[in-house]
Amino acid sequence: MAEIGSDISRAARVLESEELVGIPTETVYGLAGNAQSETAITSIFATKNRPRFDPLIAHVGSIEAAHRIVHQVPEPLLALMEAFWPGPLTVLLEKRDNIPDLMTSGSSRVAVRMPRHPLTLELLTAIPFPLAAPSANPFGYVSPTTAQHVADQLGERIPYILDGGPCQVGVESTIVGLEEGQLTVYRLGGIELEALRPFGEFRMLLNQSSNPSAPGMIKSHYAPGVPVIIGNLAELVPEYRDGSVGIIAFQQSFPDVPNAHTLSLAGSLSEAAAKLFATLRALDRSGVELILAERFPDTGLGRAINDRLNRAAAR
Ligand code: TXA
Ligand code: MG
């Protein structure tokens, strides 16, 4: 069983021997290995049971460290990195040969981000290589937002989990790139579209399950074991309340439903995002047969919340 702790030198030694460590980030926990080691990358795919066509994100401790693994960074993407790093923004860049093709599923571009978590930033300065880190969940399941979530599912398969407390953002990074000269958003996430807009006009290339250039956007992703229905709770709750249902509501509370979760009484989308995945996990374990989820406002982090709920519902 994985040991859980906050020993950065221990984590660094495990990574130097090409083994894997669960790491905290501000978005979700990652399953990290040396991004320049084919052994470690192979082990990440195997541990998550992830298909090799779904590429991994390289985590770096600085913009300089990113330059060491990619070619010339186009000006508009550099501006985004300077504005949002460290933070929940992943940028697709042309990779150098020191990043194995296995990491990018054969693509010439590698996804790179600098996470905003003090333990992981310290770890990244203690090791001489970037960290490949997908979310630390079995392929297709809800991402982990605590060290315990990682231990629950992958604890038997990895030696160490760095515990950095619950993730503050709670949804994965926003993924952007430049394609045919056009700024593009590939995944909605922790950086809101509203924050990107001052940097240019972005087109959306989401949900590309049939497009091998963005394979991770498979529609039924982030799915708990229990079916999820999304809609207006005022209509859904009376319709389904005879069965054993769980509820995910934004601000409203349902005192007579035992498995009802209100994500933010105060109506804060960032508070709701931070609680979303832990709530899906709790409902999955609670024995309910169906999860009814509210459609969130389609603004700010509400877009990423709706995206994850839609994927959880698409099974
Ligand atoms: O917030 C996050 O991004 C978290 C934390 C751990 O950093 N990581 C994460 O990784 O969500 P993962 O593997 O669950 O999702 C990465 C997604 C892939 O599924 C894929 O869609 C996209 O990033 N991606 C990675 N490399 C890519 C590439 N070279 N070209 C296109 N898309 C890529
Ligand atoms: Mg993932």
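Note that ligands are numbered from 1 as they come in the structure, with each ligand's atoms numbered from 1 the same way.
- Checked by atom type, the side-chain pair Thr27/Arg113 shows a donor-acceptor distance below 3.5 Å.
- Distances from ligand 1 to the non-hydrogen atoms of Pro115 include no value under 4.0 Å.
- Contact annotation: Asn137 places no N, O or S atom under 2.8 Å from the Mg ion (ligand 2).
- Residue-ligand proximity: Lys95 is placed with every non-hydrogen atom at 4.0 Å or more from ligand 1.
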Problem set entry | Residues Val21, Ile161; criterion side chain to side chain contact (heavy atoms under 4.5 Å, CB included); working and verdict | CA-CA 5 Å; Val21 173; Ile161 301 168; 6.0 Å; no

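- For atom 19 (O) of ligand 1, the choice among Leu56, Ile44, Asp54 with the nearest heavy atom turns out to be Asp54.
- Contacts of Pro134 with ligand 1, taken as heavy-atom pairs under 4.0 Å, involve both backbone and side chain.
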For this session: List the steps, then state whether ring pair (Phe, Tyr, Trp, His ring centres under 6.0 Å) holds for Tyr141 with Phe277.
Result: CA-CA 10 Å; Tyr141 194 72; Phe277 288 159; 9.7 Å; no

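- Note on ligand 1: Arg187 sits in its first shell, one or more heavy atoms being nearer than 4.0 Å.
- For ligand 1, none of its N or O atoms has an N or O atom of Thr104 under 3.5 Å away.
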For this session: I would like to know whether His261 and Leu283 meet side chain to side chain contact (heavy atoms under 4.5 Å, CB included); could you show each step before the answer?
Result: CA-CA 9 Å; His261 296 256; Leu283 285 173; 3.6 Å; yes

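- Those atoms of ligand 1 that come under 4.0 Å of a heavy atom in His59, given as number and element, are 5 (C), 6 (C), 7 (O).
- One finds the CG atom of Leu301 at 9.0 Å from the CD1 atom of Ile191 (value rounded to the nearest 0.5 Å).
- At distances below 3.5 Å, not a single donor-acceptor pair connects side-chain atoms of Ser264 with backbone N or O atoms of Leu269.
- Using a 4.0 Å cut-off between heavy atoms, Arg50 contacts ligand 1 through its side chain alone, with no backbone atom that close.
- Contacts with ligand 1 closer than 4.0 Å are made by no heavy atom of Ile23, backbone or side chain.
- Those atoms of ligand 1 that come under 4.0 Å of a heavy atom in Pro55, given as number and element, are 18 (C), 24 (N), 25 (C), 26 (N), 27 (C), 28 (C), 33 (C).
- Listed by atom number, the atoms of ligand 1 under 4.0 Å from Thr27 heavy atoms are 1 (O), 2 (C), 4 (C), 5 (C).
- Residue Gln36 qualifies as enclosed at atom CD: its count of foreign heavy atoms under 6.0 Å is above 12.
- Between the side chains of Tyr240 and Glu289, no donor-acceptor pair is found at a separation under 3.5 Å.
- Annotation for ligand 1: atoms under 4.0 Å from non-hydrogen atoms of Glu172 are 1 (O), 2 (C), 11 (O).
- In terms of polar-atom proximity, defined here as any N/O pair under 3.5 Å, Ser173 does make such a contact with ligand 1.
- Relative to atom 23 (O) of ligand 1, the option among Thr90, Ile99, Ile175 with the closest non-hydrogen atom is Ile175.
- Residue-to-ligand polar distances place Arg113 within reach of ligand 1: an N/O pair is separated by less than 3.5 Å.
- Close contacts of ligand 1 with Ala111, meaning ligand atoms under 4.0 Å from a residue heavy atom, involve 25 (C), 26 (N), 27 (C).
- By the rule that hydrophobic residues join a cluster once side-chain heavy atoms approach within less than 4.5 Å of another member, Val237 and Val226 end up as members of separate clusters.
- Donor-acceptor pairing under 3.5 Å is recorded for the side chains of Arg203 and Thr184.
- A side chain to side chain donor-acceptor pair (under 3.5 Å) check over residues 82-102, counting only residues at least two apart or in different chains, returns the pairs Thr90-Ser173, Glu94-Ser108, Lys95-Asp101.
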